[in-house]
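Down below is the structure, laid out as structure tokens.
The structure displayed is predicted, hence computed values, not measured ones.
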Amino acid sequence: MKEQKSICRFELLMDAGFGAQKAGDILIRAFAKTGRYVYIEPMIPAEISPPPRTRPALSGVIIRVADFDITNIGNDTDLILASHEIVLDRRLDDDETNPNCRVLLDMGHKESNPESYENVCKRIAKLGLSIFPFEIDKESKAIVTALIGKGENMYYLGMLSAIYNMPKEILVEEITMTFGKKLAGKILEQNLTLFAHGYDHAQKNIIFSWDVKTALERRKDPILIDGNTSISMGIIDAGIKLFSGYPITPASSIMHTLAKEFPSYGGIVHQAEDEIAAIGTAIGSYFGGVPSVTCTSGPGLSLKQEFIGFASAAEIPVIIIDAQRAGPSTGMPTKTEQSDLPAAIFGSHGDNTKIVISVSNVIDCFYAPQMARYLAEKLRLPVFIMSDFLTANSYKIIEKPVINEIENVEDIPDFVFERFHINRLPDNIEMVRHLQSAPGDPAGIHRVTGLNTDAEGKVNYFSGTNQRAHQVRNEKVHHVRRALKLPEMFGPDHGEVLIVGWGSTRGVIEEAIRLCTEEKIPASGMHMRIVYPLPLMLKDVFSKFKKIMTIELAYGDDLKPPPLTTLLRAETLVDVKPLICGATGRPIRPRSVKNKINELLNHQS
């Protein structure tokens with residue numbers, strides 16, 4: 001029975017290291033080529049090589065496919081395909097299935113684990129979900145054995161492809177393109193056979209299938225890219241020439257990508273001995289006139305703080321990418337969160353002056369390094385690019401972005417400024433030290449020190465000189481305040497409630513407000529790409545709404561507001577309150593936002 005759908009979300013769950021994410025990548029490229037919109041979120045275990053058939057081994061993909069552009073992973077799941085009962089049981093703990101969810105469970109391990117399978121099947125029945133047990137045929141099992149236990153992902157890929165009525169030849173083309181140069185001919189053929197067997201099994205034995213409508217012409221060369229790869233390519237296009245970092249989840253893949261690609265564009269990748277050395281190298285590079293960047297996540301950000309304050313005092317540009325993860329401390333390395341905002345803005349000791357940019361999707365990731373480089377060099381201040389695990393690792397199909405090949409920051413095109421809702425800064429911005437130059441210039445000087453200095457760069461401890469230095473540094477930030485335009489808005493510019501967010505919550509806000517509009521719920525949304533400083537007109541915008549609420553991937557409660565809420569309260573003196581502020585490690589759901597808005601307005605009335 002084939003059913004037409006406008007949008008659908010499904011999951012493939014396997015043990016880590018068995019190829020669930022690779023199968024997902026192949027499938028979404030096929031979806032894109034046949035004119036569907038897609039969004040994919042990988043599920044990555046925190047442990048390295050966890051034992052198979054254990055709860056920590058859960059690995060997989062969540063795929064959302066639609067006939068319209070989608071900007072987030074959505075609300076809940078319509079279909080799960082699980083390789084065994086343990087990964088399914090673990091995933092059910094997250095409570096992200098809808099009441100009509102259908103579960104395809106491979107029963108291949110049931111004979112040796114009957115009680116475990118029975119318990120999970122009872123749990124599925126108790127949740128009211130439909131279960132469709134299946135088992136891989138003997139011939140396919142023999143191929144998997146010959147491949148030393150690998151290849152089941154291709155069988156599952158075949159099943160999902162058939163369920164979603166995908167043309168078999170397009171999937172074969174994608175599999176061949178993915179593995180053709182990596183696998184020997186016989187092994188590739190074995191993988192293709194497993195795919196074909198899975199496809200045929202689903203067509204003959206699965207009683208339902210879905211057909212997601214086609215919205216676009218078939219695309220010849222869609223680009224499948226995640227946030228970290230996009231930001232890596234953006235670093236190259238921004239004209240940055242040195243990357244210095246230390247491996248840390250979820251930022252490490254930026255360094256991995258640049259290690260392969262950067263040398264071809266004249267760039268250098270430096271893997272430092274620790275986080276402190278990494279940012280020290282980046283600052284030293286910029287001191288020498290070479291644009292540079294460092295990247296990290298929460299624990300590494302803590303270690304970098306003294307050097308960040310030094311860069312501000314010494315007036316040396318530096319760009320810091322922070323791919324946030326769940327904290328504090330080591331926390332949950334492979335879960336998403338937005339709790340680093342206070343550390344980015346206020347982390348270093350003393351009066352801090354820095355700029356904080358956020359990215360909401362893979363396109364933002366590509367252009368953010370250009371904006372960060374512009375602000376860092378114009379202001380000679382630290383500039384943050386704030387990402388998170390979700391944005392860093394989620395894949396999307398995009399068209400090729402505009403390539404700018406920036407050498408001089410003044411050549412950055414207008415559309416990049418428009419994307420980040422900011423005007424260009426004035427030409428002549430005062431610095432604490434005048435006439436500073438790059439090393440090697442016989443006519444200039446650049447004294448490097450974290451000590452307070454006068455306008456000539458000489459160390460000076462006079463009260464008036466120190467006050468001036470603070471004033472000049474903060475005036476740099478104020479230039480940005482004055483240049484900021486109205487952040488991106490969704491819905492009317494006045495009304496009952498305004499939902500405010502930053503970073504990866506953009507797609508959730510956009511979809512939630514669309515749902516509210518469809519149901520005639522009076523609500524609007526605002527998303528900020530530049531989070532610090534805030535635009536000057538913000539209080540005036542807030543005054544046009546009865547309630548200002550935030551959604552944040554950060555903890556908050558009745559006595560402790562989450563970070564964005566705290567910042568907005570302090571800067572506007574408006575009674576901003578959190579609508580959703582969770583530290584679950586999972587993305588916020590658009591329908592949850594819509595329901596919370598409805599509850600709020602009904603309670604208010």
Side-chain angles (χ1 to χ4, degrees), residues 44 46-49 227-229 231-232 235 240-263 267-288 290-337 339-350 352 354 356 369 372-373 376 381-389 392-393 439 448-451:
I44 303 172
E47 288 79 8
I48 298 172
S49 300
N228 275 358
T229 304
I231 212 166
S232 302
I235 287 169
I240 294 167
K241 294 301 180 184
L242 182 134
F243 171 92
S244 183
Y246 184 79
I248 186 169
T249 302
S252 296
S253 62
I254 297 174
M255 178 159 42
H256 301 161
T257 301
L258 287 174
K260 291 185 288 186
E261 306 294 342
F262 218 9
I268 295 172
V269 173
H270 171 239
Q271 180 175 326
E273 61 266 34
D274 56 37
E275 296 280 2
I276 299 170
I279 189 171
T281 300
I283 293 171
S285 174
Y286 242 131
F287 170 66
V290 177
S292 59
V293 63
T294 186
C295 77
T296 191
S297 189
L301 176 59
S302 298
L303 292 168
K304 293 182 187 295
Q305 289 292 0
E306 184 175 1
F307 253 140
I308 292 169
F310 171 81
S312 177
E315 293 187 314
I316 301 174
V318 66
I319 301 167
I320 306 107
I321 299 167
D322 178 22
Q324 301 168 91
R325 71 192 207 186
S329 189
T330 310
M332 298 191 293
T334 60
K335 300 294 182 181
T336 200
E337 203 163 285
S339 296
D340 288 358
L341 187 59
I345 300 173
F346 306 114
S348 301
H349 63 275
N352 280 282
K354 57 195 77 166
V356 179
R373 183 184 167 195
L381 285 177
V383 176
F384 279 89
I385 300 174
M386 302 293 285
S387 179
D388 58 28
F389 181 88
N393 291 285
V448 181
T449 178
L451 294 170

Item to check | Atom of Ala46, atom of Pro333 and distance for their closest heavy-atom approach | outcome: CB-CD, 4.1 Å
Check: residues 381-388 side-chain donor-acceptor pairs under 3.5 Å, at least two apart:
from   : atom 1 : to     : atom 2 : distance (Å)
Asp388 : OD1    : Leu390 : N      : 3.2
Asp388 : OD1    : Thr391 : N      : 2.8
Asp388 : OD1    : Thr391 : OG1    : 3.1
Asp388 : OD2    : Ser504 : OG     : 2.6

Checklist entry - Who passes side-chain contact (heavy atoms from CB on, under 4.5 Å) against Ser302, sequence neighbours left out? => result none
Item to check | Partners passing side-chain contact (heavy atoms from CB on, under 4.5 Å) against Pro291 (at least two apart in sequence or in another chain) | outcome: Ile240, Tyr286, Arg373, Glu377
Checklist entry - Say you draw a straight line from CG of Asp322 to OG of Ser297; how long is it, rounded to the nearest 0.5 Å? => result 5.5 Å
Item to check | Results of side chain to side chain donor-acceptor pair (under 3.5 Å) for Ser348 - residues two or more places apart only | outcome: Gln305
Item to check | Shortest non-hydrogen separation from Phe310 to Ile316 and the atoms involved | outcome: CE2-CD1, 4.4 Å
Checklist entry - Given side chains that start at C-beta, do those of Ile231 and Pro369 come closer than 4.5 Å, heavy atoms only? => result yes
Checklist entry - So, for Asn228 and Ser253, which heavy atoms are closest and what is the spacing to 0.1 Å? => result ND2-OG, 2.8 Å
Checklist entry - Which heavy atom of Ala311 sits nearest a heavy atom of Ile283, and at what distance? => result CB-CD1, 3.9 Å
Next on the checklist: Quick check for you: to the nearest 0.5 Å, what is the distance between Lys335 atom NZ and Arg325 atom CZ?
Outcome noted: 13.5 Å
Item to check | Qualifying residues under side-chain contact (heavy atoms from CB on, under 4.5 Å), relative to Thr257, sequence neighbours excluded | outcome: Thr229, Ser232, Met233, Glu261
Item to check | Value rounded to 0.5 Å, distance of CG in Leu301 from CG in Asp340 | outcome: 5.5 Å
Checklist entry - Which value, rounded to the nearest 0.5 Å, describes the distance between Thr334 atom OG1 and Phe389 atom CZ? => result 5.0 Å
Item to check | Backbone of Ala272 reached by a side-chain donor or acceptor of Asp274 within 3.5 Å | outcome: no
Next on the checklist: Within this structure, what is the CD-CD1 distance for the pair Glu306 and Ile279, rounded to the nearest 0.5 Å?
Outcome noted: 10.5 Å
Item to check | Side-chain H-bond candidate by donor/acceptor type, Lys304 with Thr294, under 3.5 Å | outcome: yes
Checklist entry - Where is the tightest heavy-atom contact between Gln324 and Ser339, given as atom of each residue plus distance? => result OE1-N, 3.5 Å
Identify every side-chain donor-acceptor pair in residues 243-250 under 3.5 Å, counting partners at least two apart or on other chains, and give the distances.
from   : atom 1 : to     : atom 2 : distance (Å)
Ser244 : OG     : His270 : ND1    : 2.9
Ser244 : OG     : Ala278 : O      : 3.1

Checklist entry - So, the side chain of Ser285 versus the backbone of Val290: is there a donor-acceptor pair under 3.5 Å, distance only? => result yes
Item to check | For Ile235 against Val293, the heavy-atom pair lying closest together | outcome: CD1-CG1, 3.9 Å
